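None of these values were measured; they are calculated from a predicted model. Both ligands and their constituent atoms are indexed starting at 1 by order of listing.
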Amino acid sequence: MARAERTGIVIVGGGIAGASLAWFLAREGRGDVVVLEREQSLAVHSTGRSAATLSELDGDPTLCEIKVAAAGFFRSPPDGFAAAPVLRPTGVISLVSAAAVPTLERRERFLRSIGLDFRTLTPAEAAAQVPALEPTEFAAAIDVPGDGRLDVHEILSSYYRGARAAGAELRLGAEVRDVVVEAGRCVGVATDRGEIRCDLVIDAAGAWAGRLAAMAGASPIPLQPMRRSIFLFPVPAGIRCAAWPEVISDAHSVYFAPEAGEMMASPMDEVPMEACDPSPDDETIAAAVERLARLAPALRPRTIRHRWSGLRTFSPDRVHVVGEDGARPGFFWLAGQGGCGIETSSLVGRVAADLILRGATTAFDARRLAPGRFVADGRASVARAV
Ligand SMILES: Cc1cc2nc3c(=O)[nH]c(=O)nc-3n(C[C@H](O)[C@H](O)[C@H](O)COP(=O)(O)OP(=O)(O)OC[C@H]3O[C@@H](n4cnc5c(N)ncnc54)[C@H](O)[C@@H]3O)c2cc1C
């Protein structure tokens, strides 16, 4: 029988999560890394289907802090990271409903305390930036002028360029079918092309992260993939929107932004489903068109030119799961990126690399991301240098 191949770290999943970790490991000189991606090309799943937005505002304080800490990387990437800018700072305006006004002051204090650069707008000020907005539909807006549109392709390929330069290998069309466990410890993976032995298996499998964890006998953390859809439509005649910021309205459950000469919008749907290749349904899109037309009547789409869906995978508290499993040493979670895996990759990838290499990080309070927070017996994850 052929001897199993051996490497230091196997990353399962070649999306933004796996790519960013490979890059941060490479920066620390760790090139004994193999990234295994089942698909024949990159960005087939969530990473290739996102809205490509950097929006630091988040209703969850932990995610908001992560996003603010992660954003600087995209505004001024490390020297040599990418061939072109990876962020177009068009601005992002989040509308505040009348119901949310009583908590606005407290929210502003929090946002200032974590260093977010924002300003609060009246409806008239917001409509001055986006004249299609109906000002009676919202009570205020939070404008983050430094946020905007990310170049996901450039970010993903730049992570891989850096990782490969340090010796990491990306294998496409390589499916992990089982996780090899010996004496209670993960020691490798079984792929459709044979076994690979390693010190650490990273679960960066996106919507399939729960399945990989089950193969390893890791802690049963319930990760829930949820469908989200996006549609593109022609900009109605007479509207000059190229310089508009992205607009997000939780109350209308819709966001929109100009995108390469068209308008992109999302119904902000959250439909729980098994890991799969999802597609949008007519009813969801039609209902979003009506909500969008109420918020921005002049923008009412007449035709939908293109639409797609992807999965956003959430942990029970909707924050990432990062760290070695407490029940299965050798198995490391890098999952639950939810709706912000691209914009948070520059911090979360670093946290994961720090935990793997040093068992600790100064980049963020890693306990807030630890898999142990979901484990009933309180066995916190242990990070171990390999
Ligand atoms: C419509 C939509 C809009 C979004 N908008 C934004 C946004 O504006 N900003 C933002 O930051 N985020 C956004 N997101 C979220 C973001 O896309 C995800 O959080 C992120 O892409 C998750 O990355 P990932 O690497 O974990 O998963 P994926 O990109 O899905 O990668 C996981 C990979 O693992 C592979 N895999 C799984 N199992 C195996 C196996 N057994 N063997 C080998 N390979 C395997 C899969 O093939 C897949 O390619 C959005 C998502 C959607 C769907």
Should the proximity of [X] to ligand 1, defined as any heavy atom under 4.0 Å, be assigned to the side chain, the backbone, both, or neither?
X      : result
Ser55  : neither
Thr344 : neither
Gln337 : both

N-O pairing of [X] and [Y] below 4.0 Å:
X      : Y      : value
Asp282 : Arg307 : yes
Arg305 : Glu259 : no
Arg294 : Glu137 : yes
Arg318 : Glu270 : yes
Glu182 : Arg197 : yes
Arg75  : Asp117 : no
Arg49  : Asp277 : yes
Glu65  : Arg368 : yes

Quick one: does [X] get an N or O within less than 3.5 Å of an N or O on ligand 1?
X      : result
Met215 : no
Ile16  : yes
Gly341 : yes
Glu37  : yes
Arg49  : no

Closest by any non-hydrogen atom to [atom]: pick that one out of [options].
atom                    : options                       : answer
atom 21 (O) of ligand 1 : Thr47, Val189, Val348         : Thr47
atom 15 (C) of ligand 1 : Ala209, Gly338, Gly15         : Gly338
atom 42 (N) of ligand 1 : Val176, Leu156, Thr191        : Val176
atom 37 (C) of ligand 1 : Ala51, Gly336, Ala205         : Ala205
atom 27 (O) of ligand 1 : Ala204, Gly206, Pro280        : Gly206
atom 36 (N) of ligand 1 : Arg149, Arg38, His45          : Arg38
atom 53 (C) of ligand 1 : Ala335, Pro267, Gly310, Gly13 : Gly310
atom 9 (N) of ligand 1  : Thr53, Ile342, Val92          : Thr53
atom 10 (C) of ligand 1 : Ala257, Ser50, Gly339         : Gly339

Below 4.0 angstrom from a heavy atom of [X], which ligand 1 atoms are there? Numbered from 1 as shown, please.
X      : answer
Arg228 : 1 (C)
Cys340 : 10 (C), 11 (O), 12 (N), 15 (C)
Leu36  : 43 (C), 44 (N)
Ile230 : 1 (C)

Handout entry: For Leu95, the option from Val254, Leu295, Asp250, Ile142 that meets side-chain contact (heavy atoms from CB on, under 4.5 Å)
Key = Leu295

Mind checking whether [X] has a heavy atom under 4.0 Å from ligand 1?
X      : value
Val44  : no
Ala207 : no
Ala174 : yes

Problem - Geometric class of the Phe81/Tyr159 ring pair [parallel <30°, tilted 30-60°, perpendicular >60°] - result: perpendicular

Exercise for the section: Any chance you could lay out the salt bridge (charged side-chain N to carboxylate O under 4.0 Å, His left out) test for Asp60 and Lys67, step after step, and finish with the verdict? Expected result: CA-CA 11 Å; Asp60 182 280; Lys67 290 180 180 188; over 6 Å; no

Fill in the blank from the handout: min-distance protein heavy atom vs atom 52 (C) of ligand 1 -> Arg312 CG, 3.7 Å

Exercise for the section: Please check if the distance between the ring centroids of His45 and Trp208 is under 6.0 Å. Expected result: yes

Exercise for the section: Please indicate whether Arg177 has more than 12 foreign heavy atoms, meaning atoms of other residues, nucleotides or ligands, lying under 6.0 Å from its CZ. Expected result: yes

Exercise for the section: State whether Trp23 and Arg161 meet the cation-pi test: NZ (Lys) or CZ (Arg) under 6.0 Å from the six-membered ring centroid, and within 45° of the perpendicular axis. Expected result: no

Practice task
Check whether NZ of the Lys or CZ of the Arg Arg328 lies under 6.0 Å from the centre of the six-membered ring of Phe331 and within 45 degrees of that ring's axis.
Solution key: no

